[in-house]
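As structure tokens, the structure follows; a few thoughts come after it.
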Amino acid sequence: MIYRRVALIGLGLIASSMAHAMRAGGLAGEIVGTAKSAETRATAKALFCDRVTDTAAEAVQGADLVVLCVPVGAMAALAEEIGPHLAPGATVTDVGSVKQAVIAAVAPHIPADVHFIPGHPLAGTEHSGPKAGFASLFQNRWWLLTPPDDADPAAVARLRSLLEAMGANVDTMDAPHHDLVLAVTSHTPHLIAYTMVGVADDLRRVTDSEVIRYSAAGFRDFTRIAASDPTMWRDVFLTNKDATLDILGRFTEELFALQRAIRLGDGDHLHAYFTRTRAIRRGIIEAGQDTDAPDFGRVMAPVKGG
Ligand code: NAP
């Protein structure tokens, strides 16, 4: 057991996956949870929480680890609510996809005798809610921590040992760097996927049934990303504004360069560009972050009437 009592605030995909992983590994003495709706709390109680409470203030009492697992936009009000109820010596962490905005929202409400160690698991699916979680979600996935310079090394080490016991690889970096890295690897790609799916939806010359029927040509992978939770992603773009706009600016320039190459019939430019990008995929596979199997290892049911 690494923590005696863990309080999970918000009981969706990430919190439920943490609870399943902690239970599987015997990592927490007691798992207490709370969420906005009574329905989510009841589901969590049935599936993975030892105890649920109606309010976050009650949930954090006596907890030696508190994990904020709510959308980024809900963090400030939550931190204000729990601040006076945190136990001295406890650790507070979060799983928000953006770090600078969460730190600005949460840190002012954390008492001096409580450790605040912000975090972000680079793991997820397009599903949300308390039934979406599973114990292996964090297996071999990165979990980034952005502790302040004066963070207590023992508190950081203890949190790290929990995350590693759940299967994650842990790294630390500063919050502005985190937000830039994630703008490149996650936030902007999501925006592009949302846009592409929106464009297909708007294109009346191609029927909806054609878009769906022939989606395996590439579009399907955009739709998986574009099915991600609207609240979570709204908050990501509202709070990681500068880094996302920076990367989107670069993206737009590259897109115009490719558009120009297509217009001018500049095959050398296109070929060189696609050769460079193909190497990135190899790097991801070699790092063990995706499968080498064709089409992500999908096993497809035969197409009816196709
Ligand atoms: P989720 O499945 O949509 O769950 C969010 C949970 O937060 C729900 O249980 C919701 O309660 C609860 N909640 C919302 N506002 C609340 C409030 N004011 N007080 C108490 N509970 C509240 O979300 P998720 O995917 O687990 O994401 C949670 C966090 O993890 C977000 O900050 C997100 O940026 C981050 N994250 C997500 C992913 C991903 O791929 N999904 C990956 C890494 C990090 P109800 O169910 O009652 O509405």
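Only this structure's heavy atoms are used, side chains among them; waters, hydrogens and symmetry mates stay out. Both counts, for ligands and for their atoms, begin at 1 and track the order of listing. One is the number of the first residue; the rest follow in order along the sequence.
The closest approach between Pro71 and ligand 1 falls below 4.0 Å for a heavy atom of the residue. At least one heavy atom of Ala123 sits less than 4.0 Å from an atom of ligand 1.
For Tyr214, the side-chain contact (heavy atoms from CB on, under 4.5 Å) criterion is met by Glu210, not counting sequence neighbours. By the side-chain contact (heavy atoms from CB on, under 4.5 Å) test, Asp54 pairs with Arg41, Glu58, sequence neighbours left out.
Leu182 approaches Leu144 most closely through the heavy-atom pair CD2-CD1, 4.1 Å.
Considering backbone and side-chain atoms together, Pro121 places no N or O closer than 3.5 Å to any N or O of ligand 1. Polar contact check, Leu11 against ligand 1: a nitrogen or oxygen pair lies under 3.5 Å apart. By the 3.5 Å distance cut-off applied to N or O atoms, His127 is not counted among the residues near ligand 1.
Looking from atom 12 (C) of ligand 1 to the surrounding protein, the closest heavy atom is Gly10 CA, 3.7 Å. Ranking the protein heavy atoms by distance from atom 16 (C) of ligand 1 puts Val70 CG1, 3.8 Å first. Shortest contact from atom 20 (C) of ligand 1 to any protein heavy atom: Lys36 N, 3.8 Å. The nearest heavy-atom contact from the protein to atom 4 (O) of ligand 1 is Gly12 CA, 3.2 Å. Atom 27 (O) of ligand 1 has as its closest protein heavy atom Ile14 CG1, 4.1 Å. For atom 30 (O) of ligand 1, the nearest non-hydrogen atom of the protein is Val95 CG2, 3.3 Å.
Within 4.0 Å of atom 33 (C) of ligand 1, at least one protein heavy atom is present.
The side chain of Thr40, and not its backbone, has at least one atom closer than 4.0 Å to an atom of ligand 1 (non-hydrogen atoms only; side chain from C-beta on).
Salt bridge status for Glu164 with Arg160: present, with a side-chain N to carboxylate O gap under 4.0 Å. Checked for salt-bridge contact, Arg281 and Asp290 meet the test: a charged N lies under 4.0 Å from a carboxylate O. Residues Asp50 and Arg23 are paired through a salt bridge, judged by an N-O separation under 4.0 Å between the basic side chain and the carboxylate.
Using a 30° and 60° split on the angle between ring planes, Phe138 and Trp143 fall in the tilted class, from 30° to 60°. Taking the six-membered ring for Trp and thresholds of 30 and 60 degrees, His190 and Tyr194 have ring planes inclined between 30 and 60 degrees apart.
Counting the atoms of ligand 1 from 1 in the order shown, those under 4.0 Å from a heavy atom of Val72 are 32 (O). For ligand 1 and Cys69, the ligand atoms under 4.0 Å from any heavy atom of the residue are 5 (C), 6 (C), 7 (O), 28 (C). Taking every heavy atom of His120 and a limit of under 4.0 angstrom, the matching atoms of ligand 1 come to 43 (C), 44 (C).
Side-chain atoms of Thr40 and Thr43 form no donor-acceptor pair, as typed in the model, at a separation below 3.5 Å.
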